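Working notes for the structure below.
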Amino acid sequence: SSTMSFSEAEVQSARGAWEKMYVDAEDNGTAVLVRMFTEHPDTKSYFTHFKGMDSAEEMKQSDQIRGHGKRVFTAINDMVQHLDNSEAFLGIVNPLGKKHATQLKIDPKNFRIICDIILQLMEEKFGGDCKASFEKVTNEICTHLNNVYKEAGW
């Protein structure tokens with residue numbers, strides 16, 4: 001039933017790449033969200049308590065943004081731990097996708113935006129190899145989230 005096809009080597013290098021980001025989960029998660037809200041201001045509309053915040057500095061200090069950044073990174077970390085176990089991976093992705101589709105009504109294109117920003121940040125901090133070894137993971141996450149959205153009738 002597995003649609004995921006990561007070789008052992010791919011799993012290892014993806015985990016190694018992600019580890020570098022996850023060491024500073026809160027700061028890096030915050031940086032990703034701040035960049036998203038700054039470069040794609042429409043994404044702020046989903047977060048009512050971020051609406052009044054315009055400066056990146058202000059956003060970086062926000063406990064709510066920091067908290068959400070950490071949550072995003074924790075969720076990805078859980079997925080990365082299960083790249084070799086499709087069922088466990090989907091056990092994380094499916095409820096997350098369902099919640100964002102049905103309760104939060106987040107446009108699924110935002111998952112691609114956030115994944116691309118994570119890859120960008122990885123490349124800036126740790127180089128192209130780091131980014132390259134994580135790219136397949138982000139594609140996998142976005143593909144599965146989009147599937148959940150389709151099933152939810154989005």
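Quick caveat: nothing in here was measured; it's all calculated off a predicted structure.
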How about [X] and [Y]: do any of their side-chain heavy atoms sit closer than 4.5 Å?
X: L33; Y: M59; result: no
X: L119; Y: T138; result: yes
X: F47; Y: I65; result: no
X: K125; Y: K20; result: no
X: W154; Y: N146; result: no

Determine yes or no for a side-chain-to-main-chain donor-acceptor pair under 3.5 angstrom, with N110 supplying the side chain and D107 the backbone.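 Answer holds: yes.
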Is there a donor-acceptor pair under 3.5 Å between the side chain of K44 and the backbone N or O of P41?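 Side chain of K44 to backbone of P41: no pair is present.
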For the pair N28 and I118, evaluate side-chain contact (heavy atoms from CB on, under 4.5 Å) and give the outcome as yes or no after the intermediate values. CA-CA 9 Å; N28 286 330; I118 288 171; over 6 Å; no
For E57, salt bridge (charged side-chain N to carboxylate O under 4.0 Å, His left out) partners two or more places apart: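 E57 satisfies salt bridge (charged side-chain N to carboxylate O under 4.0 Å, His left out) with K60 once adjacent residues are dropped.
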How would you list, by chain and number, every residue that makes a salt bridge (charged side-chain N to carboxylate O under 4.0 Å, His left out) with D84, sequence neighbours excluded?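 Expected list: R15.
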What residues form a side chain to side chain donor-acceptor pair (under 3.5 Å) with [X], not counting sequence neighbours?
X: D116; value: R112
X: Q103; value: none
X: Q81; value: N77
X: D24; value: none

Report the C-alpha distance between H144 and E140 in whole Å, list the side-chain angles of each, state the deciding distance to 0.1 Å, and finish with yes or no for side-chain hydrogen bond (donor to acceptor under 3.5 Å, both in side chains). CA-CA 6 Å; H144 286 295; E140 207 61 59; 3.0 Å; yes
Filter on salt bridge (Lys or Arg N to Asp or Glu O under 4.0 Å), then keep only pairs touching residues 65-75, sequence neighbours left out; what's left?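 The answer is E26-R66, D27-R66.
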Sequence neighbours left out, what pairs pass salt bridge (Lys or Arg N to Asp or Glu O under 4.0 Å) with at least one residue falling in residues 143-154?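 Matches after skipping sequence neighbours: none remain.
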Could you walk me through whether C130 and E123 satisfy the side-chain contact (heavy atoms from CB on, under 4.5 Å) test, starting with their C-alpha distance in whole Å, then the side-chain angles of each, then the deciding distance to 0.1 Å, before giving a yes or no? CA-CA 6 Å; C130 185; E123 186 167 32; over 6 Å; no
Can you list everything that forms a ring-ring contact (aromatic ring centres under 6.0 Å, His included) with F111? Sequence neighbours excluded, please.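 For F111, the residues satisfying ring-ring contact (aromatic ring centres under 6.0 Å, His included) (neighbours in sequence not counted) are H100, Y149.
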Enter the distance from I114:CD1 to M36:CE here, rounded to the nearest 0.5 Å.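 Between I114 CD1 and M36 CE, I get 4.0 Å after rounding to 0.5 Å.
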Atom CG of L90 and atom CG of L96: how far apart are they, to the nearest 0.5 Å?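 Going from CG on L90 over to CG on L96, the span is 12.0 Å.
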Could you list all the ring pair (Phe, Tyr, Trp, His ring centres under 6.0 Å) pairs where at least one residue sits in residues 112-139, not counting sequence neighbours?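 Matches after skipping sequence neighbours: W18-F134.
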Please, which pairs that meet side chain to side chain donor-acceptor pair (under 3.5 Å) have at least one residue in residues 126-136, sequence neighbours excluded?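 Non-adjacent pairs meeting side chain to side chain donor-acceptor pair (under 3.5 Å): E10-K136.
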What side chain to side chain donor-acceptor pair (under 3.5 Å) pairs are there with at least one residue in residues 29-42, not counting sequence neighbours?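 Side chain to side chain donor-acceptor pair (under 3.5 Å) check on residues 29-42 returns R35-Q120, R35-E124.
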Is there a side-chain contact (heavy atoms from CB on, under 4.5 Å) between F89 and D78? Walk through the geometry before answering. CA-CA 8 Å; F89 179 88; D78 291 344; over 6 Å; no
side-chain contact (heavy atoms from CB on, under 4.5 Å) for V137 and F6? Distances and angles first, verdict last. CA-CA 9 Å; V137 176; F6 286 94; 4.0 Å; yes
If hydrophobic clusters are built from ILVMFWY residues whose side chains come within less than 4.5 Å, do V148 and I141 share one?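 Hydrophobic grouping puts V148 apart from I141.
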hydrophobic_cluster_shared for V72 and V23, side chain cutoff 4.5 Å: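 Different clusters.
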